[in-house]
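Source: prediction; values computed, not measured. Numbers here simply count residues along the sequence, with the first being 1. Note: hydrogens, waters and symmetry copies are ignored here, and every other heavy atom, side chains too, is used.
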Amino acid sequence: MKEKRKKLLVGAIWILALLLIVGGVIVYRAANKGPVTSYEKDFVPEFEEQQTQQTQEASVTKGIKIPGYTTIPIAANTQEVDIDLYNPEENDVHFQITFILDETGEKIYESKLIEPGQHLYHIKLEKALAPGEYPITMQYSTFSTDDTFTPKNGASVECVLKAE
């Protein structure tokens, strides 16, 4: 009887140790998922990746990935826009993104230089837009990543700002 109780106690200790190990692994993985920010991304753009060609000095071409948005929903009557403008990590150029209203040719936004892998989650338009749909051209200007910021090939993407 004493022997049976001893076996049960050893079995219970092994089960407890196993549960502690599994719990520790779960806590470790949860704690190391990467940096947590206060930003809650609720904008999911419709986009398609486009390619443009960049000619290098040695006449070698390398593709530049350009995110192409079809529709960008924004809040009406405000200049503040939550969006995910980004420069894909694989690119070897800086982006500068400009929004131009197709109807008037008016520039309503111009970004700072966006490094490869960098995202802009919040931008400010130069003017608020009333409710409606506004066809725009997103002009992607590209610049070298060295200290000279030499202009490279760019691209234009047609899309619609949908102010709601």
Side-chain angles (χ1 to χ4, degrees), residues 25-164:
V25 169
I26 291 170
V27 169
Y28 175 79
R29 285 189 176 181
N32 291 308
K33 283 200 177 206
V36 177
T37 64
S38 61
Y39 175 77
E40 292 183 24
K41 185 176 169 186
D42 60 357
F43 173 73
V44 180
E46 298 177 32
F47 72 94
E48 53 192 52
E49 297 250 336
Q50 297 182 353
Q51 292 264 1
T52 184
Q53 294 296 316
Q54 170 187 4
T55 304
Q56 307 229 336
E57 291 176 17
S59 298
V60 176
T61 59
K62 178 181 178 185
I64 299 173
K65 289 189 177 183
I66 304 288
Y69 301 84
T70 55
T71 301
I72 301 173
I74 65 171
N77 301 315
T78 182
Q79 292 175 269
E80 306 297 320
V81 176
D82 290 323
I83 190 170
D84 185 7
L85 295 178
Y86 68 98
N87 183 353
E89 214 172 297
E90 304 82 16
N91 285 341
D92 192 24
V93 294
H94 289 90
F95 278 175
Q96 183 175 44
I97 302 172
T98 305
F99 290 4
I100 301 169
L101 290 173
D102 288 349
E103 188 173 301
T104 63
E106 179 182 7
K107 176 180 76 171
I108 59 169
Y109 174 73
E110 186 170 83
S111 75
K112 60 181 179 119
L113 290 182
I114 305 170
E115 297 176 9
Q118 184 180 17
H119 292 251
L120 297 179
Y121 293 115
H122 186 79
I123 65 171
K124 185 174 182 178
L125 300 177
E126 293 185 17
K127 72 177 193 175
L129 298 174
E133 293 189 2
Y134 299 86
I136 66 166
T137 299
M138 292 177 68
Q139 181 65 46
Y140 285 84
S141 300
T142 63
F143 302 89
S144 65
T145 55
D146 60 17
D147 291 341
T148 64
F149 301 106
T150 305
K152 301 289 183 181
N153 289 347
S156 295
V157 176
E158 302 295 322
C159 77
V160 174
L161 287 181
K162 187 173 182 181
E164 303 174 308

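Between His119 and Tyr86, the ring planes are parallel. Angles under 30° get that label, and only those over 60° would be called perpendicular.
No hydrogens or angles considered: nothing links the side chains of Ser111 and Gln96 as a donor-acceptor pair under 3.5 Å. In this model, a donor atom of one side chain and an acceptor atom of the other lie less than 3.5 Å apart for Asp102 and Thr137.
Between the side chain of Tyr140 and the backbone N or O of Gly68, no donor-acceptor pair lies under 3.5 Å. In terms of modelled atom types and a separation under 3.5 Å, the side chain of Gln79 and the main chain of Glu126 share a donor-acceptor contact. Checking side-chain atoms of Asn91 against main-chain N and O of Lys65 turns up a donor-acceptor pair under 3.5 Å. Between the side chain of Asp92 and the backbone N or O of Thr145 there is no donor-acceptor pair closer than 3.5 Å. Glu133 places no side-chain N or O within 3.5 Å of a backbone atom of Lys162 that could act as its donor or acceptor partner.
None of Leu120, Leu85, Ile66 except one satisfies the side chain to side chain contact (heavy atoms under 4.5 Å, CB included) rule with Phe95; the exception is Ile66.
Counting heavy atoms of neighbouring residues, nucleotides and ligands inside a 6.0 Å radius, atom CD of Glu89 does not exceed 12 of them.
With sequence neighbours excluded, the residues that form a side-chain contact (heavy atoms from CB on, under 4.5 Å) with Asp146 are Ser144, Thr148.
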TODO: Let me see the working for Leu161 and Val81 under side chain to side chain contact (heavy atoms under 4.5 Å, CB included), right down to the final yes or no.
DONE: CA-CA 11 Å; Leu161 287 181; Val81 176; over 6 Å; no
Open item on the list: One pair to check against side chain to side chain contact (heavy atoms under 4.5 Å, CB included): Tyr121 and Asp84. What are the steps and the verdict?
Closed with: CA-CA 5 Å; Tyr121 293 115; Asp84 185 7; 3.6 Å; yes
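Between Tyr134 and Ile108, the closest side-chain pair of non-hydrogen atoms is not below 4.5 Å. Between Pro88 and Ile64 the shortest side-chain heavy-atom distance does not fall below 4.5 Å. For the pair Ile97/Met138, a side-chain contact is recorded, criterion being any heavy-atom separation below 4.5 Å from C-beta on.
Taking OG1 from Thr98 and CD1 from Ile136, the interatomic distance works out to 10.5 Å, rounded to the nearest 0.5 Å. Lys124 contributes atom NZ, which lies 5.5 Å from atom CD of Glu80 (distance to the nearest 0.5 angstrom).
Taking both residues in full, the closest heavy atoms of Ala163 and Leu129 are given as CB-O, 4.1 Å, listed atom of the first, atom of the second, then distance. Of all heavy-atom pairs spanning Ser156 and Gln139, the tightest one is OG-OE1, 2.6 Å. The two residues Gly154 and Thr142 have their closest heavy-atom pair at N-OG1, 4.1 Å.
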